[in-house]
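All remarks here apply to the structure that follows.
Reckoned from all heavy atoms, side chains included, excluding hydrogens, waters and symmetry mates. Keep in mind the model is a prediction, meaning the values are calculated, not measured.
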Amino acid sequence: MKSRNYYEERIIEDIHKELGEGTHVQVEDVRKNNHVLKRGMTIQRKGYNVSPIIYLDSYCEKLEQGANMDSVVKSILKIYRSSLLHNEVDIDFFKDYEKVKDQIVYRLVSRERNRELLEDVPYTEFLDLAICYCCRYSNYEIGEGLILIHNSHMETWGVGPEDLMWQANRNTPQLIPPYLCSMDDALHGVLDQEALNEMRQVQEETGRYMYVLSNEQRCYGAAALLYPGVLRK
């Protein structure tokens, strides 16, 4: 069986052939939450300063199972072209702390599962968890997202973790409001009706009702635990 490196090299070679000169293809490990590593590929071409990350793991698995290389490359290029921006995106704003400070928010992650990631990002300890910081970003072409703040960003801005915490504590509850719902509502559509009825019966018999605290975006909702006054309320 051929190695993953072989398939990656073949994919890169075929993309270069398809897109021609002036194309730079880079593949590297992308560290996600909870110590998960994925192989992410970016395709850079003249006139474009933003490129989507295309994860190769599933494509390599298909090739290992006998998929055709041409069809895999065509699928990758289809994703790339459909995500391609027609103009350069101005990201110079991220160099100026005054321009980003009102968009700094926090998220809560496991310290144990993200040890390597935390070596490169500013964070504040909270119980056995870590408070990390992100900048909310919105662009009419690429939509909304979060940029994880790294130590190098702090050095550029000349700020420390305490500055990020102050801003995030101020911004996050306003930009990403908390959302509280019953366990029934949270699991509706996940559990079948019989399981939901059993759960309701247990809650009624014990007089103890369960709720889920998250945020209105239902994304990184654990950080709602940190919102000032939310748990007391």
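Cluster membership for L231 and Y211, using ILVMFWY side-chain heavy atoms within less than 4.5 angstrom, is shared. Linking Ile, Leu, Val, Met, Phe, Trp and Tyr residues whenever their side-chain heavy atoms come within less than 4.5 Å leaves I176 and W166 in two separate clusters. The same ILVMFWY cluster, assembled from side-chain heavy atoms under 4.5 Å apart, contains both I43 and I79. Linking ILVMFWY residues whenever their side-chain heavy atoms come closer than 4.5 Å, directly or via other members, leaves L187 and Y179 in distinct clusters.
L180 places none of its side-chain heavy atoms less than 4.5 Å from the side chain of V230. L56 has its side chain out of reach of Y7: every pair of non-hydrogen atoms, C-beta onward, lies at least 4.5 Å apart. Using a 4.5 Å cut-off on side-chain heavy atoms (C-beta onward), E8 and S3 make no contact. Residues M183 and V212 meet the side-chain proximity criterion, which asks for heavy atoms closer than 4.5 Å. Contact of the L175 side chain with the R136 side chain is registered, since non-hydrogen atoms from C-beta on lie closer than 4.5 Å. Counting only heavy atoms from C-beta outward, the side chains of Y97 and T156 never approach each other to under 4.5 Å. Inter-residue side-chain proximity for W157 and L164 is flagged as met; some heavy-atom pair is nearer than 4.5 Å.
Although no hydrogens or angles enter the test, the distance criterion places a donor-acceptor pair under 3.5 Å between the side chain of D163 and the main chain of G160. A donor-acceptor pair is defined here as one N or O able to donate and one able to accept, closer than 3.5 Å; no such pair exists between the side chain of N171 and the backbone of V105. Q167 contributes a side-chain N or O that, together with a main-chain N or O of K101, makes up a donor-acceptor pair within less than 3.5 Å. Of the possible donor and acceptor atoms, none in the side chain of R208 sits under 3.5 Å from a partner among the backbone N and O of Q203. Side-chain atoms of N114 come within 3.5 Å of backbone N or O of S110 as a donor-acceptor pair.
P173 approaches P228 most closely through the heavy-atom pair CG-CD, 4.0 Å. Of all non-hydrogen atoms in S71 and N68, the two that sit nearest each other are OG-O, 2.7 Å. The two residues A224 and S214 have their closest heavy-atom pair at CB-O, 3.3 Å. Taking every heavy atom of both residues into account, P177 and Y227 meet most closely at C-CE2, 4.2 Å. Residues P161 and M154 come closest through the heavy atom pair N-SD, 3.7 Å.
By the side chain to side chain donor-acceptor pair (under 3.5 Å) test, K17 pairs with E13, sequence neighbours left out.
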List the steps, then state whether side-chain contact (heavy atoms from CB on, under 4.5 Å) holds for N215 with T172. CA-CA 10 Å; N215 57 46; T172 315; over 6 Å; no
What verdict does the side-chain contact (heavy atoms from CB on, under 4.5 Å) test give for I149 and V100, after you've listed the backbone C-alpha separation in whole Å, the side-chain angles of each residue and the deciding distance to 0.1 Å? CA-CA 11 Å; I149 295 174; V100 302; over 6 Å; no
Decide salt bridge (Lys or Arg N to Asp or Glu O under 4.0 Å) for K74 and D70; before the verdict, give the C-alpha distance in whole Å, the side-chain angles of both, and the deciding distance to 0.1 Å. CA-CA 6 Å; K74 285 180 180 177; D70 287 342; over 6 Å; no
Could you go through R113 and V109, starting from their C-alpha distance and side-chain angles, then the distance that decides it, and tell me whether this counts as side-chain contact (heavy atoms from CB on, under 4.5 Å)? CA-CA 8 Å; R113 295 180 181 179; V109 302; over 6 Å; no
Could you walk me through whether V73 and E18 pass the side-chain contact (heavy atoms from CB on, under 4.5 Å) test, one step at a time? CA-CA 9 Å; V73 172; E18 180 69 24; 5.5 Å; no
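Residue E194 places its CD atom among 12 or fewer non-hydrogen atoms of other residues, nucleotides or ligands, all under 6.0 Å distant.
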Under 3.5 Å, sequence neighbours excluded: what are the donor-acceptor pairs made by side chains of residues 118-125?
| unit_1 | atom_1 | unit_2 | atom_2 | d |
| --- | --- | --- | --- | --- |
| D120 | OD2 | H150 | ND1 | 2.7 |
| T124 | OG1 | Y133 | OH | 2.6 |

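Within the structure, the salt bridge (Lys or Arg N to Asp or Glu O under 4.0 Å) test picks out the following pairs touching residues 165-185 (sequence neighbours left out): D102-R170, D184-R200.
Atoms OH and CD1, from Y59 and I54 in turn, are 7.0 Å apart once rounded to the nearest 0.5 Å. Summarising the geometry, atom CD1 belonging to I147 is positioned 9.5 Å from atom SG belonging to C134; distances are rounded to the nearest 0.5 Å. Note that the OH atom of Y6 and the CG atom of L63 stand 9.5 Å from one another [nearest 0.5 Å]. The structure places CD1 of I11 at 12.5 Å from NE2 of H16, a figure rounded to the nearest 0.5 Å. To the nearest 0.5 Å, atom CG of residue L108 and atom CG of residue L129 are 4.5 Å apart. We find the CE-CD1 distance between M41 and I76 to be 4.5 Å, quoted to the nearest 0.5 Å.
Counted by atom type alone, Q193 and N197 present one or more donor-acceptor pairs between their side chains at under 3.5 Å.
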